[in-house]
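See structure below.
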Amino acid sequence: MYSAGQIRRGLRRVASNPSFFGRELNRLYYQRLYNRPYNTDGVDVVMEDWDNLLVLDGCRYDLFDVRHDLPGTLESRQSRGSHTVEFLEANFEGRTLHDTVYVTASPQLHRWRDRLDASFHDVVNVWDTDDWNDEHGTVLPETMVRYAREANDEYPDKRLIVHFMQPHYPFINAPELTVDNRLEDGDGTDIWGKLMQGERDVSKETIWHAYRDNFDLVLDAVHDLLDDLVGKTVVTADHGNMIGERAEPVPIEEWGHPPGVYTDSLVTVPWLEYETGERKTIRTERPSETELATDDTVTERLQQLGYAE
């Protein structure tokens, strides 16, 4: 489950801050002594009824509920993961999905492609294009809308997954909160690790506002995209995010979205259904060839997104 480097960094974190030990105890509780590979109470997104699935990375249900103004019917669901990789494994591992095109701003699907062994009709890695935004260290929501429209036009008879990066860190309107978590320049600790260790003097309110602003940006993009999608569209999230709330059962102050910790803030996600026009006629066809990115590019992108690989 963990690499040797991750284990070493984990041990250093536990030594420097007991909260990381509390996190591991909580993980043991939720994963039933590591015998539960994912949140088995979560929804299997592949088996749900949709033509288009819009995934907002790291979007809590409570934030979505109070801020959104999208058409459709909203309810809450549980995600199978509290981290993107866990979400991908629990929903797509070992599956043949030649009726589905995945347009993604996240490098995680590519990073773990061998372990996932999932086969889509096509994968559009927007993070591996010239439209990666170097200033903000992410793919902007409006960029994802453009690529999603192109994929929708090119593949009108395929299920379409559009994986936006927001409201996930980095915070577009608060660049002062960005942490350089490159291993060669630091300890590889992301913004959430810095907050958990008490190394960043930033209030919960400031972090929450930055997170909320990221959501507002992606919400505008989803509004624009909905106008172009026909059939049944679902807007959901891969996982949520904790912003200084007390975890359980060990009541540590938790930040970010650690895998294997299934608190409400981390696995309760929006599930908004909106239908317009006729449903798609979905066809399964042989997959397209997807050009593979270099490992250096994948690592660099993940680090900019706050993943200390």
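Residue numbers count from 1 along this sequence. All heavy atoms count here, side chains included; hydrogens, waters and symmetry mates do not.
Contacts of H168 classified as ring-ring contact (aromatic ring centres under 6.0 Å, His included), with partners at least two apart in sequence or in another chain: H257, Y307. Considering only residues two or more places apart in sequence or on other chains, P37 meets the side chain to side chain contact (heavy atoms under 4.5 Å, CB included) condition with none of them. D99 pairs by the salt bridge (charged side-chain N to carboxylate O under 4.0 Å, His left out) definition with nothing, not counting sequence neighbours. For E285, the salt bridge (charged side-chain N to carboxylate O under 4.0 Å, His left out) partners are K158, not counting sequence neighbours. Scored by the salt bridge (charged side-chain N to carboxylate O under 4.0 Å, His left out) test, E48 finds R77 as partners (sequence neighbours excluded). Annotation: side chain to side chain contact (heavy atoms under 4.5 Å, CB included) contacts of L28 (sequence neighbours excluded): L25, L33, Y34. Not counting sequence neighbours, the partners of E135 by the side chain to side chain contact (heavy atoms under 4.5 Å, CB included) test are N133. By the side chain to side chain contact (heavy atoms under 4.5 Å, CB included) test, A90 is found to be paired with Y38, R80, residues two or more places apart in sequence or in another chain being considered. Listed by chain and number, the residues in a salt bridge (charged side-chain N to carboxylate O under 4.0 Å, His left out) with E86 amount to none (sequence neighbours excluded).
Counted by atom type alone, T297 and R301 present zero donor-acceptor pairs between their side chains at under 3.5 Å.
Contact check on R212 versus E205 returns no salt bridge, with no Lys/Arg side-chain nitrogen under 4.0 Å from an Asp/Glu carboxylate oxygen. Using a 4.0 Å cut-off between a side-chain N of Lys or Arg and a carboxylate O of Asp or Glu, R149 and D224 do not qualify as a salt bridge. Salt bridge annotation for D51-R159: absent, with no cationic side-chain nitrogen under 4.0 angstrom from a carboxylate oxygen.
Interatomic distance, CD1 of I161 versus OG1 of T236, reported as 11.0 Å (0.5 Å rounding). With rounding to the nearest 0.5 angstrom, the OH atom of Y211 is 9.5 Å from the CG atom of N214.
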Which pairs would a plain distance check flag for residues 66-74, meaning a side-chain donor or acceptor within less than 3.5 Å of a matching protein atom at least two apart in sequence or in another chain?
residue: R67; atom: NE; partner: D216; partner atom: OD1; Å: 3.2
residue: R67; atom: NH2; partner: D216; partner atom: OD1; Å: 3.3
residue: R67; atom: NH2; partner: D216; partner atom: OD2; Å: 2.4
residue: H68; atom: ND1; partner: L70; partner atom: N; Å: 2.9
residue: D69; atom: OD1; partner: H223; partner atom: NE2; Å: 2.6

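Classification of the F87-F92 ring pair by plane angle, with boundaries at 30° and 60°, yields perpendicular.
Under a 4.5 Å side-chain heavy-atom cut-off, the cluster of Ile, Leu, Val, Met, Phe, Trp and Tyr residues that includes L140 is completed by I172, L217.
Pairs engaging residues 240-250 under the side-chain hydrogen bond (donor to acceptor under 3.5 Å, both in side chains) rule: R60-E245 [sequence neighbours left out].
Of the possible polar contacts, none joining the Q166 side chain to the T138 backbone as a donor-acceptor pair under 3.5 Å is found.
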